[in-house]
Amino acid sequence: MGPHSPVLIQVFTAKELNTLKITIFQAKFLCIDTETTGLDPFIDKIRLLQIHTSQGFTFIIDLFKFEETESLLSLFENDKLLVLFNAKFDLKFLKANGFKVSGPFFDTMLAYQLLKAGTYPKGSLQEVCFDLLEIELDKDEQVSDWSTPDLTWSKIDYAAKDASILLPLYKALRKRLIDENLARVAQLEFETLEPTVEIELNGILLDSEKLKKLQIEAENQIEKLKEEITLELKAPECNLNSPIQVRKALNSYGIEVKSTSKDTIKPLASNYPVLAKLLKYRKEFKLNTSFLSALPEHIHQKTGRLHPDLWQLGAVTGRYSCSNPNLQQIPRESAVRECFIAPPGKKLVIADFSQIELRVVAELTGDEKMVNAFQDGEDLHSLTASFVCQKDISLVTTEERTKAKAINFGLTFGMSVFSLKNYSLINYGLEMSWWQAWRFHDRFFDGYKRLKEWHQAEKEKMVSESFTLSGRRRLFPEEGWFTARLNTPVQGTAADIMKKSLVILFKRLKGSNSKIVATVHDEILVEVNESETESVAKVVENSMKKGGEAYLKSVPVEVDVKIGRHWGIK
DNA sequence: ATTTCGAGCGCG
DNA sequence: AAAGCGCGCTCGAAAT
């Protein structure tokens, strides 16, 4: 037994439960962990609930033995700080089982990821404990069978340790977050936990029949294209999904290409119909394998809905990542998005920020022209067009605006003149000389003076870190990384804004029938009772504006709101 | 036989 | 003067 040998109390009786309640009442904070029989909160069961209190007591409740679950549900219905590791996992199980858990939270995993953002791949509990406390943690029992009638002492001991280790971890992380000025962004992440958990539990409904029809259509088309292409190339055995085989076939056909990538093929497609067909084939194949036939596999057997995994700090910039399935890459073409629906009697409120990243750029750089344009409700792409075409904004044509829009983004984030030249050709068939590309580039930056200064400043920076407006930090492994340095605070601040918006919205919707069912970078989907759509739409819009205004002080925030039976609504 | 890797491509 | 950024999924090919 080490110096911290904790007092371990197994809760079996009403008397022991009472002791637990009194201890909780007197505690400053609680460290919590659960052991479950699996990973699915709708199917698997919580076996153990471990509570390590700030006084140093560890309580263990075997939920298979302790029958009066009802009396436990309000255990955390107080304002005690709850300390966890990967809180989302435990919170999903606790909420799915009726526990009232609303925080405040301190997630040691998120805290560690904030500290290490940009440097570390993941950070399991073992790694974090070793890194911060120099303690070797044994995790063998984690994947063992937690459904046996009686639990071995080894298991009990392991479970107790998992909870008690959170206490020194919390203290170490808390200090480092404060010392490294990351307490504010940590607070944001911790507040975002509950909305994130709810989104995962809510899930979203899929129209399987419609999806099936689309899938059959796609499969037919893929077959047809495959036949036509291999026939034309005189390569019946060629696997069109193999870049190597396709390249060989194209070469024998007389098209000399070094790569079969889209960027290589697209400029040649107008001369070779077979290349246009190949691009079409790839698009349909991707559509079918990645979405049409894959999505139904993720429908939950119990809820009948999709419950994608959201990772709060999945991206180094602070954005969410999403998987199983990745809702963030569902094709925009409405046919697919139309398959994401609201159940009978409900509708979807779909709200997205308008040009949020460019607004963040305006705020960060303080570029007068950009800020003024947004303040006056002017169109930024037309403004850009007016610079590069050297004409008054009122005289800019639709075509000029479209072209400006295409490159606004690229140049803002450090696209090279070389790429500008290529990009215009590939995506707009816009033949551009070196001289024209340079002139385009120069006029753009002459128009946006502070943007130019920002680029110069970032280019010269030797420091190995970058910050967003919430104080979120990304560490860079070395100097350089010019374009990443430009992008990170912008993408990251947009993520700050989204998370703040979710927190505000979640609070306002709490207790209502409306449910947040998805979020995609700058977009929020809410499932709402039909009769309440108009009022809830206002709440969503207002919450997102408030979220934006928390960080953008000189640039207005705009939100577009749509209401429909499905996600494909225009 | 099984795993890793890279190409390619969907999204914001 | 051959990198605009950030992801996850699927496939074939290479590596084990």
Side-chain angles (χ1 to χ4, degrees), chain A residues 117-118 238-248 258-266 278-295 297-298 308-333 336-337 340 352-358 360-361 406-424 427 434 437-438 441 444 451 455 458-459 466 468 472 474 476 480-495 497-498 518-524 567:
Chain A
C238 178
N239 182 343
L240 296 185
N241 298 322
S242 160
I244 294 174
Q245 293 181 37
V246 168
R247 196 188 140 191
K248 267 189 197 152
K258 289 196 170 59
S259 152
T260 63
S261 72
K262 197 179 188 175
D263 289 355
T264 312
I265 285 180
K266 201 167 178 188
L278 181 61
L279 290 174
K280 182 95 192 290
Y281 167 87
R282 288 218 279 236
K283 196 176 168 65
E284 290 294 320
F285 192 90
K286 169 97 176 171
L287 180 69
N288 185 39
T289 53
S290 293
F291 305 108
L292 301 181
S293 58
L295 285 173
E297 305 290 317
H298 291 285
D309 298 321
L310 280 170
W311 298 102
Q312 255 176 259
L313 295 176
V316 280
T317 53
R319 267 191 183 178
Y320 278 103
S321 75
C322 179
S323 58
N324 304 309
N326 183 355
L327 268 202
Q328 298 181 152
Q329 57 176 162
I330 301 301
R332 270 187 324 211
E333 65 179 282
V336 183
R337 295 210 172 181
F340 291 79
D352 69 299
F353 288 109
S354 161
Q355 301 188 336
I356 192 65
E357 290 203 351
L358 289 177
V360 171
V361 170
I407 55 143
N408 225 345
F409 224 62
L411 287 178
T412 301
F413 293 117
M415 181 164 72
S416 66
V417 176
F418 176 89
S419 299
L420 170 63
K421 184 175 178 286
N422 275 1
Y423 187 84
S424 305
N427 292 296
W434 280 104
W438 269 112
H441 175 273
F444 179 86
L451 193 69
H455 278 210
E458 290 300 323
K459 199 162 233 161
S466 178
T468 71
R472 185 190 302 283
R474 175 182 177 179
F476 293 99
W481 290 55
F482 168 59
T483 51
R485 262 174 217 283
L486 294 179
N487 189 266
T488 297
V490 179
Q491 190 181 114
T493 298
I497 288 172
M498 172 51 81
T519 171
V520 185
H521 302 310
D522 67 347
E523 185 179 21
I524 299 178
W567 193 11

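Chain A is the first sequence line, chain B the second, and so forth, proteins listed ahead of strands; every chain is numbered from 1.
Within 4.0 Å (heavy atoms only), A:Gln245 reaches sugar-phosphate atoms of the nucleic acid but no base atom. If you check every strand for non-hydrogen atoms under 4.0 Å, A:Ser416 touches sugar and phosphate atoms only. In this structure, A:Ala494 reaches neither bases nor backbone, as no heavy-atom distance under 4.0 Å exists between it and the strands shown. A:Leu411 comes within contact range of no nucleotide atom at all, as no heavy-atom separation falls under 4.0 Å. No contact: A:Tyr320 has no heavy atom under 4.0 Å from any strand. At a threshold of 4.0 angstrom between heavy atoms, the contacts of A:Arg337 are confined to the sugar-phosphate backbone, with no base atom among them.
Closest to the side chain of A:Asn241, out of C:dG6, C:dC11, B:dG10, is C:dC11. With C:dG8, C:dG4, C:dT10 as the choices, the nucleotide that has an atom nearest any side-chain atom of A:Ser419 turns out to be C:dG4. Of the candidate nucleotides C:dC9, B:dG12, C:dC7, B:dG12 has the atom nearest to the side chain of A:Asp522. Out of B:dG10, C:dT10, C:dG4, the shortest distance to the side chain of A:Thr289 is found at C:dT10. Side-chain proximity of A:Ser323 to B:dG8, C:dC9, C:dG6: nearest is C:dC9.
Between B:dG10 and A:Ser290, no contact under 4.0 Å exists linking OP1 or OP2 to a side-chain N or O. Here A:Arg474 reaches the OP1 or OP2 of C:dG6: one of its side-chain N or O atoms lies under 4.0 Å away. A:Thr317 has no side-chain polar atom (N or O) that falls below the 4.0 Å cut-off from OP1 or OP2 of C:dG6. Considering only side-chain N and O atoms, A:Arg282 lies under 4.0 angstrom from the phosphate OP1 or OP2 of B:dC9.
In this entry the distance linking CD1 of A:Ile356 with P of C:dG6 reads 20 Å, nearest Å. Rounded to an integer number of Å, the gap from CG of A:Asn239 to P of B:dG8 is 14 Å. Distance CD (A:Gln329) to C1' (B:dC11): 7 Å, rounded to an integer number of Å. When rounded to the nearest whole Å, the span between CG of A:Leu287 and C1' of C:dC11 equals 16 Å. Summarising the geometry, the separation between NE2 on A:His298 and P on C:dC9 is reported as 7 Å, rounded to the nearest angstrom. Atom-to-atom, CG of A:Leu279 to C1' of B:dG10 comes out at 15 Å; the value is rounded to the nearest Å. Atom CD1 in A:Ile330 sits roughly 11 Å away from atom P in C:dC9 (whole-Å rounding). Atoms CG (A:Leu295) and P (C:dC9) sit 11 Å apart, rounded to a whole Å.
The shortest side-chain heavy-atom distance between A:Ile330 and A:Phe291 falls under the 4.5 Å cut-off. Inter-residue side-chain proximity for A:Tyr281 and A:Asn241 is flagged as met; some heavy-atom pair is nearer than 4.5 Å. A:Thr412 places none of its side-chain heavy atoms less than 4.5 Å from the side chain of A:Glu357. Considering only heavy atoms from C-beta on, A:Asn326 stays 4.5 Å or farther from A:Pro308 through its side chain.
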Exercise for review: Begin with the C-alpha distance, continue with both residues' side-chain angles, and end with the deciding distance and a verdict on side-chain contact (heavy atoms from CB on, under 4.5 Å) for A:Leu295 and A:Phe340.
Suggested key: CA-CA 10 Å; A:Leu295 285 173; A:Phe340 291 79; 3.8 Å; yes
**Study point:** A:Phe482/A:His455 under ring pair (Phe, Tyr, Trp, His ring centres under 6.0 Å): CA gap, chis, key distance, verdict
**Key:** CA-CA 8 Å; A:Phe482 168 59; A:His455 278 210; 5.7 Å; yes
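For A:Arg319 against B:dG12, a side-chain-to-base donor-acceptor contact under 3.5 Å is present.
The backbone N or O of A:Pro331 sits less than 3.5 Å from a side-chain atom of A:Arg337, completing a donor-acceptor pair. Without hydrogens or angle criteria, A:Thr519 side chain to A:Glu523 main chain gives a donor-acceptor distance under 3.5 Å. When atom types are taken as modelled, the side chain of A:Gln245 and the backbone of A:Asn239 share a donor-acceptor pair closer than 3.5 angstrom. Of the possible donor and acceptor atoms, none in the side chain of A:Ser466 sits under 3.5 Å from a partner among the backbone N and O of A:Arg474.
Annotation: salt bridge (Lys or Arg N to Asp or Glu O under 4.0 Å) contacts involving residues 284-295 of chain A, sequence neighbours excluded, are absent.
Ranked by how close their nearest DNA chain C nucleotide is to the 5' end, A:Asn324 and A:Trp481 are led by A:Trp481.
Pairs of Watson-Crick or G-U wobble type, with distances under 3.5 Å, assemble into runs of 3 or more in DNA chain C at these ranges: B:1-12 with C:5-16.
Residues from residues 485-493 of chain A placing a heavy atom under 4.0 Å of any atom in DNA chain C, listed by number, are A:Asn487, A:Gln491.
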